[in-house]
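Here is the structure we will look at.
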Amino acid sequence: MTHRPIAPITLDVNADVIRAYAELTRDYNPIHLDEAFAAGTAMGGVIAHGTMALNLIWQALSASPVYDAAGWTLEVRFVRPVRPGDRITAEGSVLADGTGYEMWVRKADGERVIEGIATLGGCEAPQRRASSRAAR
Amino acid sequence: MSDPVFTFDRFILGELLGRNDDRVDDRFLQLWRAIYPRDAGEERTSPAMATALVMRAYLSVVSPRPAGNVHAGQKVSVTNLPDLDESISTELFCIDKEERRGRKFVTFGATATGSGGRPLYSAELRLIWAA
């Protein structure tokens with residue numbers, strides 16, 4: 001794999017964008033749409049859909065010179081919420097071992113909201129975990 | 001009578017929870033371009049769309065859900081992209097569940113195929129389950 005930088009891609013998050021994403025995904029959870037409801041939750045206010053920011057990573061990856069075909073796997077953790085008014089940026093850097101890219105989404109202040117790894121290959125159907133633990 | 005809420009105890013590992021049929025139609029593209037203006041000139045699907053399509057399938061199949069679930073992580077592998085307006089069938093499974101430090105975690109597997117059963121993408125969604 002040729003290692004080239006991943007150019008950053010930025011998105012300004014606002015209520016209109018969140019409403020559009022709610023309709024796109026049919027996810028009308030009031031934590032994303034209802035300020036009064038969201039204020040009473042542990043989040044303390046409206047948060048954007050996590051996958052709205054995740055999609056920005058795919059956009060950054062697929063717009064880069066390294067992405068010339070399907071066959072990529074992206075695995076992420078949602079580590080902090082994104083809120084209306086946030087400017088978020090997806091970017092990435094080559095992993096130290098050269099097997100893929102570390103990818104993340106950060107806010108304007110540098111705080112990361114999503115962290116993950118993108119690798120070429122590794123596509124396989126999800127399997128029941130061999131090590132699944134029974135509910136205790 | 002409405003369907004019972006999907007609680008943690010109801011999930012059986014490996015069980016097919018359901019299927020969702022979908023497609024990237026004009027309304028999908030209109031909304032997508034409003035959210036991601038840099039794709040405004042694109043007349044094809046993109047790997048980012050797979051994530052949104054997986055969420056639609058999950059939200060359609062695993063419903064109703066308890067309030068307060070938290071989306072903790074996600075893995076998506078794209079083998080092929082769907083064509084515009086291609087019929088997409090997505091199957092949802094429960095592939096893992098565990099309780100750890102007082103929290104309930106559920107992982108769903110999703111596998112999407114297109115016309116003629118051609119493989120499109122697969123995903124794993126990891127959630128902290130509220131009840």
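In what follows, chains carry the letters A, B, and so on, assigned in the order in which the sequence lines appear, proteins first and then strands, with residues in each chain numbered from 1. All values below were derived from every heavy atom in this structure, side-chain atoms included, with hydrogens, water molecules and symmetry-related copies excluded.
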*Interface residue of largest heavy-atom contact number with chain B, from A/Asn55, A/Ile117, A/Leu61, A/Val13, under 4.5 Å*: A/Asn55
*With chain A, which of B/Thr51, B/Leu59, B/Val76 has the greatest number of heavy-atom pairs at distances under 4.5 Å?*
B/Val76
*asked:* Does B/Arg10, at its CZ atom, have more than 12 non-hydrogen atoms belonging to other residues, nucleotides or ligands within less than 6.0 Å?
replied: yes
*Determine whether more than 12 heavy atoms belonging to other residues, nucleotides or ligands lie under 6.0 Å from atom CZ of B/Arg118.*
yes
*When heavy-atom pairs shorter than 4.5 Å are enumerated against chain B, which of A/Ile57, A/Ile9, A/Asn29, A/Thr41 gives the highest number?*
A/Ile9
*Whether over 12 other heavy atoms sit under 6.0 Å from B/Arg19 CZ*: no
*Non-hydrogen atoms of chain B under 4.5 Å away: do they reach the side chain of A/Leu24, the backbone, both or neither?*
both
*In terms of heavy-atom proximity below 4.5 Å to chain A, should B/Phe93 be classed as side chain, backbone, both, or neither?*
neither
*Are A/Trp104 and A/Phe78 connected in the hydrophobic side-chain network, where two residues link if heavy atoms are under 4.5 Å apart?*
no
*Tell me, side chain or backbone of A/Leu11 under 4.5 Å from chain B's heavy atoms, or both, or neither?*
side chain
*Which atoms of A/Ala63 come close to chain B, meaning under 4.5 Å heavy atom to heavy atom: side chain ones, backbone ones, both, or neither?*
side chain
*asked:* Between B/Ala110 and chain A, with a heavy-atom cut-off of 4.5 Å, which part of the residue counts as in contact: side chain, backbone, both or neither?
replied: backbone
_Heavy-atom proximity to chain B below 4.5 Å, by part of A/Met43_ = neither
*asked:* Taking CZ in A/Arg77 as the centre, count heavy atoms belonging to other residues, nucleotides or ligands within less than 6.0 Å. Is the count above 12?
replied: no
_Heavy-atom pairs under 4.5 Å with chain B, option from A/Val17, A/Leu54, A/Val76, A/Ile18 with the top count_ = A/Val76
_To the closest 0.5 Å, what do you measure between OG (A/Ser62) and CG (B/Asp39)?_
7.5 Å
_Best-contacting candidate, A/Val79, A/Thr25, A/Ile114, against chain B by heavy atom pairs under 4.5 angstrom_ = A/Thr25
*Which region of B/Asp22, side chain (C-beta onward) or backbone (N, CA, C, O), has a non-hydrogen atom less than 4.5 Å from a non-hydrogen atom of chain A, or is it both or neither?*
side chain
*Closest heavy-atom contact between B/Pro47 and A/Trp58?*
CB-CE3, 3.6 Å
*Greatest number of heavy atom pairs closer than 4.5 Å to chain A - which of B/Lys104, B/Gln30, B/His71, B/Met49*: B/His71
*A/Thr73 to B/Ser77 - nearest heavy-atom pair and separation*: OG1-OG, 2.7 Å
*Straight-line distance of B/Ile35 CD1 to A/His49 NE2, nearest 0.5 Å*: 9.0 Å
_Exceeds 12 heavy-atom contacts within 6.0 angstrom, atom CG of B/Asp26_ = no
*asked:* Quick check on B/Ala67 against chain A: is it the side chain, the backbone, both or neither that has a heavy atom closer than 4.5 Å?
replied: neither
*Region of A/Ile31 in contact with chain B, defined by heavy-atom distances below 4.5 Å*: neither
_Euclidean distance, A/Leu56 CG relative to B/Arg38 CZ, rounded to 0.5 Å_ = 8.5 Å
_Has B/Tyr36 got a side-chain atom pairing as donor or acceptor with A/Met52's backbone, closer than 3.5 angstrom?_
yes
*With respect to chain A, which residue among B/Ala57, B/Ala72, B/Gly68, B/Pro119 yields the maximal number of heavy-atom pairs within a distance under 4.5 Å?*
B/Ala72
_Can you tell me which portion of B/Arg27 sits under 4.5 Å from chain A's heavy atoms? Options are side chain, backbone, both or neither._
side chain
